[in-house]
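Below is one structure, written out as structure tokens; the observations come after it.
Every chain is numbered from 1 and lettered A, B, ... according to where its sequence line falls, protein lines coming before strand lines.
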There are 4 protein chains.
Amino acid sequence: MPREVRERQMLDAAVAAFARQGYQAASMDDIAEAAGVSKPLVYLYLKSKEDLFMACVRREVGALVAAVRQGTRERGLPADQQLWNGLTAFFTHTAARPDGVAVLYRARTQGEPFAREVAAMRVEVVTIVTTLLGQAAQDAGCDGELAEREVSGLAHALVGAAESLAEWANSRTGEHIEAPSAKETAATLMNFCWAGLENLMKGARWVPGVAPAPHGR
Amino acid sequence: MPREVRERQMLDAAVAAFARQGYQAASMDDIAEAAGVSKPLVYLYLKSKEDLFMACVRREVGALVAAVRQGTRERGLPADQQLWNGLTAFFTHTAARPDGVAVLYRARTQGEPFAREVAAMRVEVVTIVTTLLGQAAQDAGCDGELAEREVSGLAHALVGAAESLAEWANSRTGEHIEAPSAKETAATLMNFCWAGLENLMKGARWVPGVAPAPHGR
Amino acid sequence: MPREVRERQMLDAAVAAFARQGYQAASMDDIAEAAGVSKPLVYLYLKSKEDLFMACVRREVGALVAAVRQGTRERGLPADQQLWNGLTAFFTHTAARPDGVAVLYRARTQGEPFAREVAAMRVEVVTIVTTLLGQAAQDAGCDGELAEREVSGLAHALVGAAESLAEWANSRTGEHIEAPSAKETAATLMNFCWAGLENLMKGARWVPGVAPAPHGR
Amino acid sequence: MPREVRERQMLDAAVAAFARQGYQAASMDDIAEAAGVSKPLVYLYLKSKEDLFMACVRREVGALVAAVRQGTRERGLPADQQLWNGLTAFFTHTAARPDGVAVLYRARTQGEPFAREVAAMRVEVVTIVTTLLGQAAQDAGCDGELAEREVSGLAHALVGAAESLAEWANSRTGEHIEAPSAKETAATLMNFCWAGLENLMKGARWVPGVAPAPHGR
DNA sequence: TATGAATGAGTCTTCATTCAT
DNA sequence: TATGAATGAAGACTCATTCAT
């Protein structure tokens, strides 16, 4: 059996194991067995547990970013539409590859090199989102300037909300309550945040003690 | 030395260890040493590694919930103000006890019993939030009906956003860029979500292909 | 059982194992079993295979040097007599602790840190020998100057000869041919080298094509 | 590529590996790679690691013995001259093929079959030396009888001294101190032992408590 | 002749856990 | 209350060796 095929089998098995048990708890023995190969072969192809984990992380990072990029590829739409498309792509991916996403989640707490990889991915996603927001500001003809730190905070809030929602949406899978579709979830998130973002881009801010301006309270 | 004191020392050491290294990687040896006691004593007081971790989780869950409750105790304020207070309390706690929060974060991926404990905490927090939202709806005299599922989704989005922001805010600690204060962070989050929530409570929804109603685009 | 005792048991077992099988081939499992303890205890006390080996080496280095020093302690004797005493002590030690000596032998080809330790021991022994030779030169009233390099070479030759003889003498042990006693072996070596050394100290040298001076050929 | 050539490449690589790392530590993988062939080919040609090592040992034994024989081939010279020639040949070989010599050194501690091979070589060399000594006795017209055991001991002392000197001489290679030439080293050893050997052949012995006879102390 | 693919067996090391005191 | 001493079980990693082609 050619090397590439075997290697993908191993990565598949590893992603599943790491997702379910975590980096430390997953054993190379189990991974090898799940991949249907002997342990030495795993080492021959993937060098070490760390390298194997890194390979998983990189693969899943790539897949996730590709999915989101694909979702926001369509030009010429209004920014909110594009953001919704991107979120939908994200939730679709998240539902289709829960283990892959879980690996990324785990990687964030597994030490420098892995955390960095995921952080880099986040930056990429945040950049996409930020670009969309900028475009949205233009679309709306608004001129409010957002401090870089504020944007960064917002982007993290959005990503965190998305991750949390993804987890929540997927946690339903398997129960008799039907899980919400990716589009529904994306819409929920848009409902949650879009009005606020728009306000911000217009320079309207929520401040303690005063209701946000555009709603006229 | 009285048992209670010793036990707290152990929990402190354990929380630090689990937070920094994760459940699997933290070793009972290290924890005992950090606590300044012998290993058998740890076992005498806390039974097993699992029980020790559970004790940590429960303690931190309690502390976090108490902090948030404390933050939202003040009655008679408008709902947004109360939510802001709660968030501020959350971010304050999060900045004060990063290790405690990290333990909860770790616990979510550490198997059934621990995940359940954290999930229960989330439910509690979500309930608080939900109550506030309900009150806010009344305050606004609005009559929009929110499906239970939708509320649940929103609450998870809010909590996820808050967690993500907390992590982001704390990741700055130690750099020369000053970390945002809890109040700032809470304001960022309010900016992010409050307008949208208000809309929803008025029955206005973002739908694909159409700009959100209340803003008149 | 107190730690010190256990530790000596382990070192004894380890020395035997390393001597017979070499560093790589000796397994920690076997050593632990031979010492009558479990493997973790070996690691608890001696940290790692490398550290264990180093501990063996150091112990045997100390024992050997102590033996030789003890042998040459008696002052006031002629130099040849003292050298003979030292050699006798060496061969006695060598016969009494063949495994210890074998460990030192193995250590020389086991990488920098170990080789260095043995080299340092050699230097110590060579220094003792050199001192004796110097004293012998004085005793003999001779004034021949030996280049440092030449002395070094001679000392190495002497030590090599001694080692080789020790091995030869001990290889007889167990056969029906009786092994030569330490004193006999020491005498053999004195016979082998003393006349030559004396010549050298008188400035007489063997040169190709000419028989050494003092023997009048 | 013809089998013989390939086989020599493999042996060269193996000798280098075994010399530098020892039998256990050298891996078939590394040897195959160093030889520029695939592992199965090594097994096809040389059967097993043990057989490969044995092949190396035999080759190097042959080379060393051949070198020494070559050095003592010239008949009609005085015995000391011949011995010096043989030693020079030995040190020349030793300097030219340090890896080969190292393999023999390693083989001595690698278990029965290998040790036997090297022992056999020693016997051969000792025989050559013994013959020379016998001839020297005749040359000197001396009638001293040397017990077989004593001769054996002397021969081992000589060989050990030679080995030790060879190692010492070669350990200088690479430093800025120039290594002594083979002839110098051989002369050092002759200086070290020849007078003693001559004495012995004349029946003069060093005995404890008495200075050696021929020097009249 | 030559090799890419594959593995059974074994090694070092660590860890949660328990006695005996 | 408190601990020095000790271990069963398991995990990462490597290596000599063999097929199928």
Going by side-chain contact (heavy atoms from CB on, under 4.5 Å), Val15(B) matches just one of Met10(B), Arg20(B), Glu60(B). Which one?
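The residue from Met10(B), Arg20(B), Glu60(B) that satisfies side-chain contact (heavy atoms from CB on, under 4.5 Å) with Val15(B) turns out to be Glu60(B).
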Without decimals, in angstroms, what is the distance between [X] [atom1] and [N] [atom2]?
X	N	atom1	atom2	answer
Glu7(B)	dT1(F)	CD	P	11 Å
Leu41(B)	dT21(E)	CG	C1'	15 Å
Glu50(B)	dA16(E)	CD	P	12 Å
Arg3(D)	dA2(E)	CZ	C1'	13 Å
Glu33(C)	dG8(F)	CD	P	12 Å
Gln9(D)	dT1(E)	CD	C1'	14 Å
Ile31(A)	dC13(F)	CD1	P	11 Å
Asp29(D)	dA6(E)	CG	C1'	13 Å

So what's dA12(F) paired with, Watson-Crick or G-U wobble, going by both distances under 3.5 Å?
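Matched dA12(F) with dT11(E) under the 3.5 Å cut-off.
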Applying a 3.5 Å limit to both distances, which nucleotide forms a Watson-Crick or G-U wobble pair with dT17(E)?
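Per the H-bond distance test, dA6(F).
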Select from Lys49(C) and Val37(A) the residue whose nearest nucleotide in DNA chain E is closer to the 5' end of that strand.
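It is Val37(A) whose nearest nucleotide is closer to the 5' end.
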Between Lys39(D) and Ala25(B), just flag the one whose closest nucleotide in DNA chain E comes earlier from the 5' side.
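So the residue in question is Lys39(D).
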Candidates [options] - which lies nearest the side chain of [X]:
X	options	answer
Tyr45(D)	dA16(E), dT1(E), dT1(F)	dT1(E)
Ser38(A)	dT13(E), dG11(F), dA6(E)	dA6(E)
Pro40(B)	dA5(F), dT13(E), dA2(E)	dA5(F)

Establish, with yes or no, whether the OP1 or OP2 oxygen of dT1(F) is under 4.0 angstrom from a side-chain nitrogen or oxygen of Arg6(B).
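For dT1(F), OP1/OP2 do not have a side-chain N/O of Arg6(B) under 4.0 Å.
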Does Tyr43(D) make a side-chain N or O approach to OP1 or OP2 of dA2(E) shorter than 4.0 Å?
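No.
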Most 5' of Lys47(A) and Leu44(C) on DNA chain F, judged by nearest nucleotide
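The answer here is Leu44(C).
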Closest-nucleotide 5' rank along DNA chain F - winner of Met28(A) and Pro2(B)
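Its nucleotide being nearer the 5' end, the pick is Pro2(B).
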So Ala32(C), base contact, sugar-phosphate only, or nothing? Heavy-atom distance under 4.0 Å.
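Since no nucleic acid heavy atom lies under 4.0 Å of Ala32(C), the category is nothing.
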Glu117(C) pairs by salt bridge (Lys or Arg N to Asp or Glu O under 4.0 Å) with which of Arg58(C), Arg59(C), Arg122(C)?
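For Glu117(C), the salt bridge (Lys or Arg N to Asp or Glu O under 4.0 Å) test succeeds with only one of Arg58(C), Arg59(C), Arg122(C), which is Arg58(C).
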Mind telling me whether Phe114(B) and Tyr23(B) have parallel, tilted or perpendicular rings, with 30° and 60° as the class edges?
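Tilted, since the angle between the ring planes falls between 30° and 60°.
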Got a salt bridge between Glu4(B) and Arg8(B), using NZ or NE/NH1/NH2 to carboxylate O under 4.0 Å?
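A salt bridge is absent here (no side-chain N lies under 4.0 Å from a carboxylate O).
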Cation-pi check for Tyr45(A) against Arg6(A): NZ or CZ below 6.0 Å from the six-membered ring centre and within 45 degrees of the axis, yes or no?
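Not flagged: Arg6(A) not positioned over aromatic ring of Tyr45(A).
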